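Here is the structure we will look at.
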Amino acid sequence: MGGASSHLSKQLLKEYQELTYLTKQEILLAHKRFGDLLQKELRGNVESIRVPKEKFLTLQELKANPFKHRICHVFSTSEHDDDSMSFEDFLDMLSAFSESATLEIKSHYAFRIFDFDGDGALNETDLETLVNHLTGVDEDTKLSNNEMKQLIANILEESDIDKDGTINHSEFQHVISRSPDFVSSFKIML
């Protein structure tokens, strides 16, 4: 491989392999793809550059994802609340969505993505926002108030083990562990 991937040192590549669920080839491809998001003059310094969220949203894997803004928010380590992504943020995201990541890792990040208010629990507002992201908010796709209330009641009935009106992380993991399709549906292909 030429271009941006050749600038990734062997030591750094080894560290990334140890810290992620990605293979050497996946890391090199991620490095190239991250570099492709940068202006040509910045590509030699991929590890120290942050890419604006708007550029990340142009990636094919994120374009059609209804949670694309939340994904960027959850994986961004930006101190400026702009959800820009570093190369390491990008690797963390790809690692969590990889086929090799454990169910525990996948459910951890899924929970954070679905916890829209960041309070550590999925409440009725989070669940309504989640459903709206999945169904859309257009007149022809949006659920009626009654349909939404019934769906949220069903979700809580199924998932809220301690009956406190919210789904905590362990309850979420319990539900996910009973859903074999979750792992295969919660991934982004490189």
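In this text the structure is predicted, and so the values were computed from the model without any measurement.
- Glu124 CD to Thr129 OG1: the interatomic distance, rounded to the nearest 0.5 Å, is 11.5 Å.
- Counted within 6.0 Å of CD on Gln17, heavy atoms from surrounding residues, nucleotides or ligands total more than 12; the atom is thus considered enclosed.
- Environment of NZ in Lys163: crowded, with over 12 heavy atoms of neighbouring residues, nucleotides or ligands closer than 6.0 Å.
- Under the 3.5 Å distance criterion, the side-chain polar atoms of Asp138 are left unmatched by any main-chain donor or acceptor of Asp140.
- Thr58 places a side-chain N or O within donor-acceptor distance of the main-chain N or O of Lys55, the cut-off being under 3.5 Å.
- Note on Leu28 and Tyr16: same hydrophobic cluster, where clusters join Ile, Leu, Val, Met, Phe, Trp and Tyr whose side-chain heavy atoms are under 4.5 Å apart, directly or indirectly.
- Linking ILVMFWY residues whenever their side-chain heavy atoms come closer than 4.5 Å, directly or via other members, leaves Phe114 and Ile161 in distinct clusters.
- Of all heavy-atom pairs between Phe87 and Ile27, the closest is CZ-O, 4.2 Å.
- Looking at Val74 and Met93, their side chains never come closer than 4.5 Å, going by heavy atoms from C-beta outward.
- Put simply, the side chain of Thr135 gets close to the backbone of Val131: a donor and an acceptor are under 3.5 Å apart.
- Between Lys63 and Leu57 the shortest heavy-atom distance is CG-O, 3.5 Å.
- Between Ala30 and Leu91, the shortest heavy-atom distance links the atoms CB-CD2, 3.9 Å.
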Worked check of salt bridge (Lys or Arg N to Asp or Glu O under 4.0 Å) between Arg178 and Glu158
CA-CA 11 Å; Arg178 298 181 308 167; Glu158 178 89 14; 3.2 Å; yes

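- When all heavy atoms of Thr77 and Ser86 are compared, the pair lying nearest together is OG1-OG, 4.4 Å.
- Comment: Lys149 does not engage Glu128 in a salt bridge, judged by the lack of any side-chain N to carboxylate O separation of less than 4.0 angstrom.
- To the nearest 0.5 angstrom, Leu29 atom CG is 8.0 Å from Glu26 atom CD.
- More than 12 heavy atoms of other residues, nucleotides or ligands sit less than 6.0 Å from atom CD of Gln173.
- Under a 3.5 Å cut-off, the side chain of Lys53 and the backbone N or O of Ser84 do not form any donor-acceptor pair.
- Under the 3.5 Å distance criterion, the side-chain polar atoms of Ser107 are matched with a main-chain donor or acceptor of Glu104.
- Smallest separation of non-hydrogen atoms from Phe116 and His133: CE2-CE1, 3.7 Å.
- Around atom CG of Asn154, more than 12 heavy atoms belonging to other residues, nucleotides or ligands sit under 6.0 Å away.
- One N or O on the side chain of Lys106 and one on the backbone of Ser98 form a donor-acceptor pair closer than 3.5 Å.
- Few gaps surround CD on Glu18; more than 12 heavy atoms of other groups in view lie less than 6.0 Å from it.
- Note that CD of Glu157 is 14.5 Å distant from CD1 of Ile152, once rounded to the nearest 0.5 Å.
- For the pair Ser78 and Asp83, the tightest heavy-atom approach, listed with the atom from each and the gap, is CB-N, 4.3 Å.
- Side chain of Asp115 to main chain of Asp126: no donor-acceptor pair is present (N/O by atom type, distance under 3.5 Å, no hydrogens or angles).
- Between the side chain of Glu171 and the backbone N or O of Asn168 there is at least one donor-acceptor pair closer than 3.5 Å.
- Side-chain N/O atoms of Asp164 and Thr166 include a donor and acceptor closer than 3.5 Å.
- Within the model, atoms CG of Asp162 and CD1 of Ile167 stand 10.0 Å from one another, a figure rounded to the nearest 0.5 Å.
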